[in-house]
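Since the structure comes first, as structure tokens, the remarks are kept for the end.
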2 protein chains.
Amino acid sequence: MKSAVEPLKARRIYLLLRDRIVAGELSPGARLPGEPALAAEHAVSRVTVRRALDLLDKEGLVQRKAGSGTFVHDTRAVRPIVADLSNVLSHLIDMGRSTDVRLLSFGYGVPPEPIAESLGLKPGERAQRSVRVRLIDGEPFSYLTTHVPEWIGLTYSEAELAARPLLELIERSGVTTERATQAINATLAGPEAAAALDLEIGSPLLTLTRIVYEPSGRGVEHLHALYRPDRYSFHMDLVRTGNDGERRWSPALGWPRTTDKSKSEKSKAGEKPTRTPRVIKQRS
Amino acid sequence: MKSAVEPLKARRIYLLLRDRIVAGELSPGARLPGEPALAAEHAVSRVTVRRALDLLDKEGLVQRKAGSGTFVHDTRAVRPIVADLSNVLSHLIDMGRSTDVRLLSFGYGVPPEPIAESLGLKPGERAQRSVRVRLIDGEPFSYLTTHVPEWIGLTYSEAELAARPLLELIERSGVTTERATQAINATLAGPEAAAALDLEIGSPLLTLTRIVYEPSGRGVEHLHALYRPDRYSFHMDLVRTGNDGERRWSPALGWPRTTDKSKSEKSKAGEKPTRTPRVIKQRS
DNA sequence: GGAACCTGTATGATGGATAATACAGCTTTG
DNA sequence: CAAAGCTGTATTATCCATCATACAGGTTCC
């Protein structure tokens with residue numbers, strides 16, 4: 001068995017720098033602090049900084065010029081996709097970007113207890129489990145694990161699942177979907193997800209867990225989605241509702257907009273990032 | 001300078017197991033796979049698995065019984081706070097949980113370019129930057145970095161900021177807030193955030209970036225929030241709108257019912273009061 | 001009781017990440 | 001041109017996470 005210990009500090013610095021670049025804090029063309037400076041800043045040796053920069057370089061995020069410095073390269077290719085809170089990204093397709101789905105796994109079995117519970121399954125009852133990866137322009141950005149009660153799952157084939165949206169298939173089976181709940185969170189990539197998303201284990205991931213209910217209140221779909229944060233983020237517009245006494249933000253329903261100039265977001269140096277919303281025009 | 005190489009595989013396994021526990025996949029009382037099994041599953045040595053389990057143990061998530069096995073312990077203490085998408089968690093306060101805010105940093109300066117842009121500042125214009133940590137029941141769960149145009153920031157004092165919601169202070173200054181945009185994402189904890197949130201560097205974090213605009217369209221607040229995913233998550237209810245042709249999910253405006261996780265009946269072996277300190281300091 | 005698990009504990013070996021240091025060649029600046 | 005940066009490239013040494021292995025002592029179950 002090969003032993004281990006993988007880059008840690010190096011990868012960390014790589015990720016931090018990467019975040020700052022993708023977030024727009026370091027604009028294209030800008031020169032990064034020198035290797036000695038970065039080494040001092042992060043209290044590591046220059047060799048380590050160097051490894052981090054090599055990773056950025058290999059990824060094309062940065063261009064190194066001997067004798068001159070390291071410069072931020074084209075970031076446009078790395079700009080994340082933006083979806084609204086209901087997870088709609090159809091506007092991307094309209095923009096000519098191609099999305100593709102790859103079905104990694106398909107089968108029936110007894111799901112873990114919490115999922116069974118959310119689907120209202122009796123102990124021992126089976127469900128269909130599928131794992132899919134969604135790609136945009138050939139690059140994977142989401143890793144979806146879905147569970148559907150067996151009696152629904154049986155109404156469509158594996159091939160159909162690979163080709164059509166699951167929810168559409170569910171509705172085709174005669175089930176009406178009406179309500180859903182979802183939770184957004186963050187995790188680290190485990191081995192399978194990391195492999196599927198072309199990431200290293202331990203990379204941060206955005207998480208979305210959604211349960212779709214039919215009118216009777218029975219769950220018909222349990223979705224667990226993992227997103228690469230550098231390629232996907234949730235975005236929403238809020239409006240102020242309820243005058244003073246009860247001031248609160250509510251989602252702006254007419255949602256389409258995003259017209260304004262690239263409003264980027266980021267915070268201070270050496271901090272956490274967040275993505276830059278994409279300027280998107282949408283049809284309709 | 002102390003050299004390095006920190007636990008990697010061990011921590012990874014720790015985090016993965018932790019996720020499964022917190023997510024409910026491994027219910028309280030359940031017995032984890034044995035150390036040899038886990039070692040095989042993750043292709044590591046038993047020593048490494050052991051370290052991961054030690055971390056879980058120290059955190060109180062798991063109880064180890066020599067000769068018997070390792071069992072999932074009380075998870076209720078770890079259940080994350082749930083907030084709706086507009087970031088309201090008032091219902092928690094209603095539940096008797098106390099929140100507290102600690103002001104870590106306060107000052108004025110020229111913000112990084114993307115933030116300046118979002119606030120509509122001219123190059124060189126200054127803004128107030130504050131860093132706060134929010135605690136619930138004494139435990140930190142969010143790390144907030146806010147930027148406000150100087151002319152607004154000057155209308156309140158540092159003490160006021162530490163005591164009252166920022167948005168309230170902004171509105172008190174005469175500014176009307178009407179619209180906001182926010183993006184949700186994920187990252188890894190950097191050094192400062194990790195320290196403030198009592199985490200290790202490299203832990204996953206939920207990210208929320210919100211920009212609040214006044215009616216004229218000028219930004220008046222830039223918020224960058226980092227949340228511990230094990231203590232905080234976003235939750236929302238959706239309803240199906242737009243019949244077939246344009247089927248889509250929209251946020252349910254009525255208040256979401258909290259995800260009641262009280263599956264009371266499960267009292268396994270003698271319940272234990274275990275009040276475990278939350279320190280995750282590893283290495284001694 | 002005893003087999004078959006399990007967790008606790010100790011050992012030595014190893015290899016890869018990191019540190020520390022030195023020097024080359026290029027670029028920019030004055 | 002020369003000085004002062006910078007990146008490229010070695011070399012050597014250290015450290016420690018991990019591996020592999022062995023054995024102890026507890027628990028479960030037949």
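Quick caveat, the model's predicted, so the values are computed rather than measured. Side chains included, hydrogens not; waters and symmetry mates left out as well; all remaining heavy atoms used.
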Legend entry - S68(A) side chain vs K65(A) backbone, donor-acceptor pair below 3.5 Å: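 Between the backbone of K65(A) and the side chain of S68(A) there is no qualifying donor-acceptor contact (under 3.5 Å).
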Measure from the side-chain heavy atoms of [X] and tell me the nearest of [options].
{"X": "R51(A)", "options": "dA17(C), dT18(D), dT7(C)", "answer": "dA17(C)"}
{"X": "V47(B)", "options": "dA19(C), dG8(D), dA20(D)", "answer": "dA20(D)"}
{"X": "T48(A)", "options": "dT9(D), dC6(D), dA19(C)", "answer": "dA19(C)"}
{"X": "P36(B)", "options": "dA19(C), dT7(D), dT7(C)", "answer": "dT7(C)"}

If I take atom [atom1] in residue [X] and atom [atom2] in nucleotide [N], what distance separates them, rounded to the nearest angstrom?
{"X": "R64(A)", "N": "dG25(C)", "atom1": "CZ", "atom2": "P", "result": "19 Å"}
{"X": "D57(A)", "N": "dG8(D)", "atom1": "CG", "atom2": "P", "result": "8 Å"}
{"X": "L53(A)", "N": "dC6(D)", "atom1": "CG", "atom2": "P", "result": "13 Å"}
{"X": "E35(A)", "N": "dA20(C)", "atom1": "CD", "atom2": "C1'", "result": "15 Å"}
{"X": "D54(B)", "N": "dG8(C)", "atom1": "CG", "atom2": "C1'", "result": "10 Å"}
{"X": "R31(A)", "N": "dC6(D)", "atom1": "CZ", "atom2": "C1'", "result": "7 Å"}
{"X": "K9(A)", "N": "dC15(D)", "atom1": "NZ", "atom2": "C1'", "result": "11 Å"}
{"X": "L38(B)", "N": "dC6(C)", "atom1": "CG", "atom2": "P", "result": "10 Å"}

The criterion is side-chain hydrogen bond (donor to acceptor under 3.5 Å, both in side chains); which residues satisfy it with [X], sequence neighbours excluded?
{"X": "D57(A)", "result": "none"}
{"X": "S130(A)", "result": "T146(A)"}
{"X": "T70(A)", "result": "none"}
{"X": "R31(B)", "result": "none"}

Legend entry - Any R46(A) side-chain nitrogen or oxygen under 4.0 Å from OP1 or OP2 of dA19(C):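 R46(A) to dA19(C) OP1/OP2: no side-chain N or O under 4.0 Å.
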Legend entry - Distance below 4.0 Å between R50(A) side-chain N/O and dT7(D) OP1 or OP2: no
Legend entry - the helix from dG1(C)-dC30(D) to dG30(C)-dC1(D): angle between end helix axes, five pairs per end, rounded to 10 degrees: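 Roughly 30°, once rounded to the nearest ten degrees.
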Inset, instruction - For residues L104(B) and R132(B), determine if any side-chain heavy atom of one lies less than 4.5 Å from a side-chain heavy atom of the other. - result: no
Legend entry - Validation row: L197(B), F141(B) side chains within 4.5 angstrom (heavy atoms): no
Polar-atom pairs under 3.5 Å, protein N or O versus N or O of nucleotides 24-30 of chain D: list them with distances, or write none.
| from | atom 1 | to | atom 2 | distance (Å) |
| --- | --- | --- | --- | --- |
| dG26(D) | N2 | G67(B) | O | 2.8 |

Inset, instruction - Please check if any side-chain donor atom of R228(A) sits under 3.5 Å from a side-chain acceptor atom of Y232(A), or the reverse. - result: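 Looking only at side-chain atoms, Y232(A) and R228(A) do not form any donor-acceptor pair under 3.5 Å.
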Inset, instruction - Using the six-membered ring wherever Trp is involved, compare the ring planes of H147(B) and H222(B) and label them parallel, tilted or perpendicular (cut-offs 30° and 60°). - result: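 Taking H222(B) first and then H147(B), their aromatic rings stand perpendicular (interplane angle over 60°).
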